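Since the model is a prediction, treat every value here as computed from it, not as a measurement. Order of the sequence lines sets the chain letters (A, B, ...), proteins ahead of strands, with each chain counted from 1.
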Protein chains: 2
Amino acid sequence: MAEAAAPEAGTGEALCCTSVIEAPLSQAEAAKLARVLDALADPVRLRLLSLVAAQKEICSCDLEAPLAKSQPTVSHHTKVLAEAGLIVGEKRGRWMWWRVEPKRLAAIRAALGG
Amino acid sequence: MAEAAAPEAGTGEALCCTSVIEAPLSQAEAAKLARVLDALADPVRLRLLSLVAAQKEICSCDLEAPLAKSQPTVSHHTKVLAEAGLIVGEKRGRWMWWRVEPKRLAAIRAALGG
DNA sequence: ATGATGAATCGACGGTGGTCAATACGTGGA
DNA sequence: TCCACGTATTGACCACCGTCGATTCATCAT
């Protein structure tokens with residue numbers, strides 16, 4: 001099967017009705033928000049995200065060195081971020097190019113009371 | 001030893017120099033941000049935080065029922081959130097009262113590009 | 001003092017996540 | 001067609017986390 005790294009939900013949708021500080025979250029809202037935050041709550045993934053954002057587009061092979069991680073590990077982290085809708089990838093030839101999804105980050109900020 | 005639930009850093013400080021989407025994060029910045037996000041990346045803690053925020057002040061004993069968790073589990077989660085600087089607690093008599101630290105949430109939003 | 005109540009800690013269990021070596025998959029060039 | 005290269009997946013290992021029962025600690029009332 002090839003479910004790959006498709007984000008489970010649209011990246012433009014709100015993560016919860018209002019925000020965490022405005023009203024008690026339902027279990028479903030909390031679960032959804034927690035999943036996205038979990039993707040961010042890792043130092044390697046945060047640095048990966050910042051590297052992608054810094055160049056607007058970057059190849060997977062150019063992430064191994066700055067992150068000091070093996071190729072499988074980088075692939076794992078890009079997949080996690082992609083499934084969370086924080087980055088999107090496009091395969092061109094043999095290379096995988098990544099870019100950030102600013103709307104997703106904005107949705108997280110909004111859920112956090114932005 | 002009694003280090004208890006004291007936040008490891010001031011709750012008013014920025015979590016990283018600029019934001020994740022502006023420049024590559026250093027390992028230290030990424031680690032610091034990841035620690036705070038990790039405190040948030042749990043559905044029970046997100047709901048706990050929203051419950052505290054909804055009432056401006058709430059007793060630990062009034063969290064067990066809505067969260068449907070045991071007293072030790074609630075105590076564990078409040079400690080994690082407090083160490084992350086997201087909530088602050090004050091013991092009055094036999095009861096522990098919690099309130100949110102809005103500045104901390106704002107710092108996270110800023111680190112996420114707010 | 002003694003007992004009652006609320007909270008924190010301890011110990012243990014099961015589940016999950018980060019990591020890498022090895023391998024499989026896809027694409028493009030010779 | 002065959003090989004080289006970049007990527008994705010598998011399997012395994014180790015560490016960490018969420019949870020709860022049992023216990024301990026702290027505070028107040030009697």
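Taking side-chain N and O atoms only, Lys91(B) has no distance below 4.0 Å to OP1 or OP2 of dA8(C). Look at Lys79(A) and you won't find any side-chain N or O under 4.0 angstrom from OP1 or OP2 of dT7(D). Here Thr73(B) does not reach the OP1 or OP2 of dG18(D): none of its side-chain N or O atoms lies under 4.0 Å away. Distances shorter than 4.0 Å separate some side-chain N or O of Ser70(A) from OP1 or OP2 on dC20(C).
Nearest-nucleotide positions on DNA chain C place Gln71(B) closer to the 5' end than the other of Gln71(A) and Gln71(B). Nearest-nucleotide mapping onto DNA chain C: of Val80(A) and Cys59(B), the residue sitting toward the 5' end is Cys59(B).
At least one side-chain heavy atom of His76(A) sits under 4.5 Å from a side-chain heavy atom of Val80(A). Lys32(B) is listed as a side-chain neighbour of Arg35(B), based on a closest heavy-atom distance under 4.5 Å. Under the 4.5 Å side-chain criterion, counting only non-hydrogen atoms from C-beta, Leu81(A) is not in contact with Val52(A). Residues Arg99(B) and Ile87(B) have side chains not in contact (no heavy-atom distance under 4.5 Å, counting atoms from C-beta outward).
Rounded to whole Å, atom P of dG17(C) lies 16 Å from atom CG of Leu37(B). Taking atom CH2 on Trp95(B) and atom C1' on dA8(C), their separation rounds to 17 Å, with Å as the unit. We find that CZ of Arg35(A) is positioned 16 Å from P of dG18(D), with the value rounded to whole Å. We find that CH2 of Trp98(A) is positioned 17 Å from P of dG6(D), with the value rounded to whole Å. To the nearest angstrom, P of dA8(D) lies 13 Å from CD of Glu90(A). Residue Lys69(A) contributes atom NZ, which lies 17 Å from atom P of dG17(C) at whole-angstrom precision. The interatomic distance linking His76(A) (NE2) with dG18(C) (C1') rounds to 6 Å, in whole Å. Put simply, CG on Asp42(A) is 18 Å from P on dA15(D), counting in whole angstrom units.
As judged by a 4.0 angstrom heavy-atom cut-off over every strand, Val74(B) is placed among residues making no nucleic acid contact. Using a 4.0 Å heavy-atom cutoff across all strands shown, Arg45(A) reaches sugar-phosphate atoms only and no base atom. His77(A) comes within 4.0 angstrom of the backbone, heavy atoms only, and of no base. As judged by a 4.0 angstrom heavy-atom cut-off over every strand, Ser75(B) is placed among the base-contacting residues. Contacts of Ser60(A) with the nucleic acid, taken as non-hydrogen atoms under 4.0 Å apart, involve only primed sugar atoms and P, OP1 or OP2.
Distance from the side chain of Arg94(A) is smallest for dT27(C) among the nucleotides dT27(C), dC20(D), dC20(C). Picking from dA22(D), dT19(C), dC5(D) the nucleotide with the shortest atom distance to the side chain of Pro72(B) gives dA22(D).
Side-chain atoms of Ser75(B) and Thr78(B) form no donor-acceptor pair, as typed in the model, at a separation below 3.5 Å. Looking only at atom types and distance, the side chain of Ser60(B) has a donor-acceptor partner in the side chain of Trp98(B) under 3.5 Å away.
Near DNA chain D, meaning a heavy atom under 4.0 Å away, there are no residues from residues 61-68 of chain B.
More than 12 heavy atoms of other residues, nucleotides or ligands shown are found within 6.0 angstrom of CD on Glu22(A).
Closest approach of Trp95(A) to Cys59(A), counting heavy atoms only: CD1-SG, 3.3 Å.
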